[in-house]
Amino acid sequence: MKNKQTVLIVDDIADNLNIAASAIIGHDINVILAQSGEQAIATTEKFHPDLILLDIMMPEMNGFEVCELLKSKSETKDIPVIFLTAMEDAKNIVEGFSLGAVDYITKPFHLEEVLVRVQTHLSISRLRKEIEEANSLLEQKVTERTAELVETNEKLKSEINERKLIENQLKTNNEKLILANEKAEESDRLKTEFLNNISHEIRTPMNGIVGFVNLLEMPDLSPENRKSYTTAITESSNQLLEIVNDIMAISTIHTKQEKVAEQNIVINNLINEVIDGFDAQVSTKGISIVKKLGTVGTSLELITDGLKLQQIFTKLIDNAIKYTNEGFVEFGYKLKTEVIEFYIKDTGIGISVGKHNEIFEQFRQVESDLTRAYGGAGLGLTIAKAYTHLLGGKIWLESELSKGSIFYFTIPFKPIEE
Ligand code: ADP
């Protein structure tokens, strides 16, 4: 029977054992008997009774020694012990309690008293066990729940981290989108500005051509006038051609179709050719040109794409003359380690430091109102930069508003092999 409790009665006198047992037997309680201290220890360890009735006065090992031994072992220390004492001996009773006993019963036994005390302590013992079991069940539940909570917590933490990562990713994507949008809007604005500009740039020489062609048809035209009209028509046509060439250049740069065609170049010849093309413009503006082309008679020769170098130089000289109303335009070059560094300096309107990067972007014209007055489609520096990079060099500038500018560019120095 699972729920039947067991009482161990220990006494060296058989009669006492029998009397005590008779008080308990028949009340749904198992009874085991032991007639010595040693036997009591062995039986306890084997059967784990729920209560021990322990005689004090026994030969060899008395009740106190038995009790002390049981209380010293973890498996038996919680089994309640009731001492059986011959007389109401206060000393014995006190010592018994001090050793951990829960009660005492005096001899001679009163059977009802024995039964009541045994039943009382058995119920206390049962209740204590139930409480202990409930406690350990509770503890187990708490441990399990804590483990579950820890796991849920970890999951939540990793979810939060994941969310944070996604949020950050979204934020960066959003920022990128905003930037891309701003760029798209800006490039749209620049394109509109460019179209307005370019139509103006095309219309001016076109009107010139149409006007002068009409004038050529006038009867009795003097040879001088005819000459000046045809010169004007040629100039306007060249301007038109230049715009068309720039647009073509930009489109081949964009489609990455621009190729480098190297040949032997005499630097001074190339520069002189370029500058001769600006003679008329320079004399109309009344500015002076200062060439610093090295010692007379010495001219650098190298291998590069002459057409592109000429274009870079033309664009920079064109700007320097265009944006300078008085003073001079100076240019020259220096041979440095492995590169030639060119410079084009002017005493013109200058460019504020914050705009130095912008001006290389296509269609970009800084100080628009001011530059608009000077004409141009905003493509020259974009082409100059792209060509410099194609040739393997760099381009940069030093300039301040109203203080003139110096544009520098380099190309690799590849000497001509003899
Ligand atoms: P643009 O056809 O307008 O001259 P560029 O690409 O050649 O186009 O130059 C871009 C802008 O850089 C110009 O509109 C002008 O504002 C500025 N810029 C270029 N060169 C000079 C210079 N030498 N002095 C002052 N401003 C310059």
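Ligands are counted one by one from 1 in listed order, and the atoms in each one are counted from 1 as well.
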Quick look: Asp346 vs ligand 1, heavy-atom contacts under 4.0 Å, and the answer is side chain
For Lys322, the ligand 1 atoms with a heavy-atom partner under 4.0 Å come out as 1 (P), 2 (O), 4 (O)
**Prompt:** Taking the side chain from Ser399 and the backbone from Gly404, do they hold a donor-acceptor pair closer than 3.5 Å?
**Reply:** yes
One finds that the ligand 1 atoms under 4.0 Å from a non-hydrogen atom of Gly378 are 1 (P), 2 (O), 3 (O), 6 (O), 8 (O)
inquiry  = Under a 3.5 Å threshold, yes or no: a donor from one side chain and an acceptor from the other, between Asn268 and Lys291?
reply    = no
Within the 4.0 Å heavy-atom cut-off, what Lys315 brings close to ligand 1 is neither
Note: ligand 1 atoms sitting under 4.0 Å from heavy atoms of Leu379 are 6 (O), 8 (O)
For Gly380, the atoms of ligand 1 under 4.0 Å from one of its heavy atoms are 5 (P), 6 (O), 7 (O)
Could Glu159 and Lys155 be called an ion pair, given the rule that one side-chain N must be under 4.0 Å from one carboxylate O?
no
Ligand 1 to Ile349, heavy atom cutoff 4.0 Å, flagged ligand atoms 25 (C)
Can any side-chain N or O of Gln5 pair as donor or acceptor with the backbone N or O of Leu122 at less than 3.5 Å? yes
Notebook entry, point to check: Charged N to carboxylate O under 4.0 angstrom, Glu258 versus Lys308?
Noted result: yes
Expected output: side-chain Ser72 to main-chain Leu69 donor-acceptor under 3.5 Å: yes
Of Leu381, Ile351, Thr382, Asn319, the residue with the heavy atom nearest atom 27 (C) of ligand 1 is Ile351
Original post:
Could a heavy atom of Gly348 be found less than 4.0 Å from some atom of ligand 1?
Top reply: no
*Relative to the ring of Trp396, is the ring of Tyr408 parallel (under 30°), tilted (30 to 60°) or perpendicular (over 60°)?*
parallel
Quick look: Phe407 vs ligand 1, heavy-atom contacts under 4.0 Å, and the answer is side chain
